[in-house]
Amino acid sequence: MERVRAAVASRGDDPGPLAEALNLDVRRRHLLARRDDLRHEVKQLSAEIGKLHREGRRGEAVESTERSRMLGDETKAVAAQADELGRRLEDLLMRVANLPAEDCPVGAGAEDNPVLRVENFTPDRYGPHQRVPHWDFTAEMGLLDVERATKLSGAMFAMFRREGAMLARALVQFALDRNADLYEEVRPPTLVHTDTMTSTGHLPRFADDAYHLERDNLWAIPTAEVPLTSLCRDEVLVEDDLPMRLMAHTSCFRREAGAAGRDTRGLLRVHEFDKVEILAYATPEQAPAMHTELLERAEGAVAELSLAYRIVDICTGDLGGAAARTFDIEVYSPGTDRWLECSSVSWFSDYQARRANVRYRPAGGRGTRLVHTLNGSALAVPRVWAALTETWRRPDGSIEVPPPLRPYMRGLEVIR
RNA sequence: GGAGAGGUGGCCGAGUCCGGUUGAAGGCGCUCCCCUGCUAAGGGAGUAAGGGUCACAAGCCCUUCGUGGGUUCAAAUCCCACCCUCUCCGCCA
């Protein structure tokens, strides 16, 4: 309990609800025990009454019937109290964030995140032709049409055109293909139930960040993590099947509430974008290695595109609510001279698995244990597209297509 | 969207009209034992999950027959709402 309290504090969250939850839990258990005892008595009386009826001794059952009726009323009252406490407890717990991992760096916010590595970055390597923001020259070239996207859907929507659209698609296929050796490709729905959003921890804490279709009570997913994590919801997996690796390309939808006015130029922050997500269900023992694997997979994509990037270790104060440990990959945008987050590779310990009720049966063992879930973006299109067009821009203003992407662009080598 | 049928244990499948040892017959599958003795067959036993109490033991107790409510002393069985599946019709990328 002390560990939990300390962990909550390290995130900068209020420990008050925790104490209240503990209190609620104790009271609820007492009520539950009382309810079960009452039910037991009612059951026994009912069996007696049934027996008397069958033997035709109805008269002798009257007293038991009356007593059972009263016990039944009491049961109902006790059960109602227990349910009420249960609801309050549930509501409280659903809003409590996950415990950061032991080795997660402690810090107050994003400014405290240690940068672990910087790769492929030589500041003076970039020429003036690369120091142009992508929204400038790609708009001129007809590859990015933010103006008309805004006409269609409003601010912070993007539209790719011509080779720009092709490039976006190429990135997706590239990301899928380079992970196809181990990861099963899934194409899940992008509109999901409230339960599905709750399992990953996106609800109830972050309801304002998601698009909600009231009429059908469906939510637009902010990431494929949401449907993929619920894929095995309420299932018991076999240990031999773990780790189970999945990948999915989907559109992702984010309201970006509270972010209005920040990073709004070009592709820096958009409401809808394409992403390839990689995800794994693992045993607690497999989780650390799996986390490393996902990070390698995710950074491999930007590395193969010869983009500069760095790995950031997210500290306790900046950690997502469901995560126990997260590494961000930030790709360098020479045109804006900024590091753009393009992947968050997270280990959720059993936090999501508890919400989604995903368990596994240990080989040879009895009972079930919660799995661990991990995931990260294998490639998020807009920011990689932005960094790529800036980095690969040539002095004459044309854009070279990185060799790994050419097979996906009908052999095209240069966008003019 | 309209009409009809249906949702029972790992699977198949009784029971639901007439509520009462039905956590649930029977079968299949699986596990163990015996017989036989060789890739057949037979005999016997076992075979859900979650939760509470507790030593994550045994035992005891509770919950679960699509979900949620209701009626009743008692519900898989009666009533209401919803969800899902299947068939037919309509519509449609």
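In what follows, chains carry the letters A, B, and so on, assigned in the order in which the sequence lines appear, proteins first and then strands, with residues in each chain numbered from 1. Every value quoted in this text rests on a predicted model; they were computed, and no experiment measured them.
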Full working for side-chain hydrogen bond (donor to acceptor under 3.5 Å, both in side chains) between A:His271 and A:Tyr211: CA-CA 10 Å; A:His271 285 311; A:Tyr211 287 101; 3.2 Å; yes
How many Å lie between [atom1] on [X] and [atom2] on [N], as a whole number?
X        : N     : atom1 : atom2 : value
A:Asp36  : B:G50 : CG    : P     : 17 Å
A:Arg29  : B:G51 : CZ    : C1'   : 10 Å
A:Asp195 : B:C84 : CG    : P     : 13 Å
A:Arg28  : B:U53 : CZ    : C1'   : 15 Å
A:Leu32  : B:G51 : CG    : C1'   : 8 Å
A:Asn217 : B:U67 : CG    : P     : 20 Å
A:Asn357 : B:U67 : CG    : P     : 15 Å
A:Gln44  : B:C60 : CD    : P     : 13 Å

Measuring only the [atom1] atom in each nucleotide, how far is [N] from [M]? A whole number of Å is fine.
N     : M     : atom1 : result
B:G44 : B:G26 : P     : 13 Å
B:U85 : B:A48 : C1'   : 23 Å
B:G50 : B:G46 : P     : 22 Å
B:C65 : B:A24 : P     : 14 Å
B:A76 : B:G19 : C1'   : 10 Å
B:A5  : B:C11 : C1'   : 22 Å
B:A74 : B:G23 : P     : 16 Å
B:G15 : B:C92 : C1'   : 42 Å

For [N], which nucleotide in any strand shown is its Watson-Crick or wobble partner with both distances under 3.5 Å?
N     : result
B:C82 : B:G66
B:C32 : B:G44
B:C54 : none
B:C88 : B:G2
B:U22 : none
B:G9  : none

Counting just side-chain N and O atoms, does [X] come under 4.0 Å of either OP1 or OP2 of [N]?
X        : N     : value
A:Arg39  : B:C62 : no
A:Arg359 : B:G50 : yes
A:Lys43  : B:U22 : no

Touch class at under 4.0 angstrom, heavy-atom based, for A:Arg67 against every strand present: nothing
Can you see whether [X] engages [Y] through a side-chain donor-acceptor pair at a distance of less than 3.5 angstrom?
X        : Y        : value
A:Thr373 : A:Gln352 : yes
A:Thr250 : A:Asp274 : no
A:Tyr309 : A:Glu299 : yes

Stacked cation flag A:Arg169 on A:Tyr408, 6.0 angstrom / 45 deg: no
For A:Asn113, the option from A:Thr326, A:Asp328, A:Asp318 that meets side chain to side chain donor-acceptor pair (under 3.5 Å):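 Between A:Asn113 and the candidates, side chain to side chain donor-acceptor pair (under 3.5 Å) is satisfied uniquely by A:Asp318.
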Pair A:Tyr281-A:His372, ring pair (Phe, Tyr, Trp, His ring centres under 6.0 Å): steps then yes or no: CA-CA 6 Å; A:Tyr281 296 92; A:His372 278 202; over 10 Å; no
For A:Thr196, all residues meeting side-chain hydrogen bond (donor to acceptor under 3.5 Å, both in side chains), sequence neighbours excluded: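 Once residues adjacent in sequence are excluded, the partners of A:Thr196 under the side-chain hydrogen bond (donor to acceptor under 3.5 Å, both in side chains) criterion are A:Arg233.
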Whichever of A:His193 and A:Ala33 has its nearest RNA chain B nucleotide further upstream toward 5':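 It is A:Ala33 whose nearest nucleotide is closer to the 5' end.
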5' priority, RNA chain B, between A:Arg35 and A:Lys51 [closest heavy atom]: A:Lys51
Nucleotide-resolved protein contact map, nucleotides 70-76 of chain B, B/S/- at heavy-atom distance under 4.0 Å: -S-BS--
Test side chain to side chain contact (heavy atoms under 4.5 Å, CB included) applied to A:Met247 and A:Asn375, A:Ile278, A:Leu279, A:Val186, the passing residue: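 Among A:Asn375, A:Ile278, A:Leu279, A:Val186, the one meeting side chain to side chain contact (heavy atoms under 4.5 Å, CB included) with A:Met247 is A:Ile278.
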